[in-house]
Amino acid sequence: PLRRLRSARAERLVAAATAVGAGAVVVATALVRDGAVLAAQRTRPPALAGRWELAGGRVEAGEAEEDAVVRECREELGCAVSPTGRVGTDLLIDAGVLRVHAAVLVDGSAPTALEHAGLRWVGPAELEAVDWVDADRAVLPDLRALLGPS
Ligand code: CDP
C-alpha cells in the first residue's frame, strides 16, 4: 500500500517508526541531464526484475540522505553526482519510507549500469510509458514538474 504523507505530523510519525526499527529510509535519485531523468532497470527480486526505478537504496545508520544519494550513485552507476534537493513527498513502501532527491552529474561523470540490467534517459513525454516500480510511478507528477514541459 502506498500513501502520500504531507503533514509535519506524518513526518514525525515516519521518524518515530524508523527510530524503533519499523523500516528503513530509502533514497532514490532523480538524476537529471538535458531535461531527462535517468531510469535504471532492476535485476532483483524476481517480482521487480525488468521494471524501472530511480537508482538508490537504504540510508545507513548515521548517514545523511544526500551522502547516501552520492554513495548509491557511485556504487550502482559508477558516477559522481551532486544532490540538488528533495523531490515530492515521503512515500511509504514495504521497506520503510522512500525519499527522492534530485541530483546532477558532476562534470565529466557519466552513469554505467553496474548493478542494473540497463539505463535510459527519459524525457517528460516518455515518463508515463516506462514500466516504473510502483513507488517510483507515484513520483511521476513531481518528476514532470522537475523536468519541465516536453
Ligand atoms: O541497495 P539496497 O538493498 O539498500 O536497496 P534496494 O533493495 O535497491 O531498495 C530497498 C527497497 O526500496 C526495496 O524494497 C526497493 O524495492 C525499494 N525501492 C523503491 O521502491 N524505489 C527505488 N527507486 C529504490 C528502491
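Quick caveat: nothing in here was measured; it's all calculated off a predicted structure. Atoms within each ligand, like the ligands themselves, are counted from 1 in listed order.
Protein heavy atom in closest approach to atom 14 (O) of ligand 1: A95 CB, 4.0 Å. Protein heavy atom closest to atom 3 (O) of ligand 1, with residue, atom name and distance, is R58 NH1, 3.0 Å. Counting only heavy atoms of the protein, atom 20 (O) of ligand 1 lies nearest to A135 CB, 3.7 Å. Of the protein's non-hydrogen atoms, the one nearest atom 19 (C) of ligand 1 is D136 OD1, 3.8 Å. Atom 1 (O) of ligand 1 has as its closest protein heavy atom R44 NH2, 3.9 Å. Atom 5 (O) of ligand 1 has as its closest protein heavy atom G57 CA, 3.4 Å.
Ligand 1 has at least one atom lying under 4.0 Å from a heavy atom of V26.
Ranked by closest heavy atom to atom 17 (C) of ligand 1, the top entry among I93, V133, D94 is I93. With atom 16 (O) of ligand 1 as the reference point, the heavy atom nearest to it among V59, L48, V97 is part of L48.
Legend: residues meeting side-chain hydrogen bond (donor to acceptor under 3.5 Å, both in side chains) with R33, ordered by chain and number and at least two apart, are absent.
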Could you go step by step and tell me if V26 and V97 meet the side chain to side chain contact (heavy atoms under 4.5 Å, CB included) rule?
CA-CA 6 Å; V26 178; V97 58; over 6 Å; no
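Residue A28 has at least one heavy-atom neighbour below 4.0 Å for each of these atoms of ligand 1: 23 (N). Those atoms of ligand 1 with a heavy atom of L54 less than 4.0 angstrom away are 22 (C), 23 (N), 24 (C). Here is the list of ligand 1 atoms found below 4.0 Å of a heavy atom in E53: 22 (C), 23 (N), 24 (C), 25 (C).
V133 and L119 sit in two unconnected hydrophobic clusters of ILVMFWY residues. Membership requires side-chain heavy atoms under 4.5 Å apart, directly or through other members.
Under the 4.0 Å criterion applied to side-chain N and carboxylate O atoms, R51 and D134 are assigned as salt-bridge partners. Classification of E128 and R137 as a salt-bridged pair holds, one side-chain N sitting under 4.0 Å from a carboxylate O.
Contact annotation for H116 and ligand 1: no heavy atom of the residue comes within less than 4.0 Å of the ligand. Residue contacts with ligand 1 for R42 involve side-chain atoms from C-beta outward but no N, CA, C or O (heavy atoms, distance under 4.0 Å).
For the pair R120 (side chain) and V122 (backbone), a donor-acceptor distance under 3.5 Å is absent.
By the neighbour-count criterion of 12 heavy atoms within 6.0 Å, atom CG of D107 is sparsely surrounded, having that number or fewer from other residues, nucleotides or ligands.
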